[in-house]
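Computed from heavy atoms alone, side chains included, the values below leave out hydrogens, waters and symmetry copies.
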Amino acid sequence: MTSFTVGPLTRTDLVRYQGASGDFNPIHHDEQFARAAGMRAPLSLGMLQAGLMATWATDRYGARNVRSFRVRFAAQVFPGDTVTCDGAETRRYTAEDGSPLVDLELTCTTQDGTVAVYGWATFIGEDA
């Protein structure tokens with residue numbers, strides 16, 4: 001499967017995601033606030049990267065086929081960073097109800113190879 005790359009992320013991308021998500025914490029858009037909190041710049045919302053990672057998976061397996069999805073945030077992402085989402089099937093099996101399932105391990109990495117978000121998902125899959 002091919003990876004999915006977005007970026008470089010802009011401050012506008014962060015603000016647009018803030019508006020869509022309703023998370024208006026100034027650490028994601030206000031330079032002075034972010035620096036006072038010890039950041040080098042406003043940082044991206046982790047859920048933006050998680051959403052991009054989910055897009056990678058649903059583009060391949062279909063949004064209606066999601067059965068579980070979880071993430072762990074591992075590193076900060078800033079304006080100017082490029083992120084790449086990728087994943088691999090770890091298991092294909094049949095559920096008790098006969099549904100074919102596929103488990104995935106997912107990553108969203110920055111341009112220097114740092115994993116920003118880890119993810120795990122289960123989808124209904126064909127021919128488990």
Straight-line distance of Thr2 OG1 to Trp56 CH2, nearest 0.5 Å: 8.0 Å
Euclidean distance, Arg92 CZ relative to Leu104 CG, rounded to 0.5 Å: 8.5 Å
In one Ile/Leu/Val/Met/Phe/Trp/Tyr side-chain cluster, 4.5 Å: Met53, Trp120: no
Main-chain N/O of Phe78 paired with Asp81 side-chain donor or acceptor, under 3.5 Å: yes
Nearest-0.5 Å distance that lies between atom CG in Leu101 and atom CZ in Arg67: 8.0 Å
Interatomic distance, Thr12 atom OG1 to Gln18 atom CD [nearest 0.5 angstrom]: 11.5 Å
Shortest non-hydrogen separation from Ala116 to Thr110 and the atoms involved: CB-CG2, 4.5 Å
Working for side chain to side chain donor-acceptor pair (under 3.5 Å), residues Asp86 and Thr107: CA-CA 6 Å; Asp86 208 349; Thr107 57; 6.0 Å; no
Non-hydrogen atoms of Tyr118 and Ala74 that approach each other most closely: CE1-CB, 3.7 Å
Interatomic spacing from OG1 in Thr10 to CZ in Arg16 - rounded to 0.5 Å: 8.0 Å
Arg11 and Pro42, any side-chain heavy atoms less than 4.5 Å apart: yes
Matching residue for Phe123 among Phe69, Tyr61, Tyr93 - test: ring-ring contact (aromatic ring centres under 6.0 Å, His included): Tyr61
Heavy-atom side-chain contact between Thr114 and Thr109 under 4.5 Å: no
Separation of Arg40 CZ from Glu31 CD (nearest 0.5 Å): 10.5 Å
Short side-chain to backbone donor-acceptor contact, Ser21 and Tyr17, under 3.5 Å: yes
Non-hydrogen side-chain atoms of Asp23 and His28 separated by less than 4.5 Å: yes
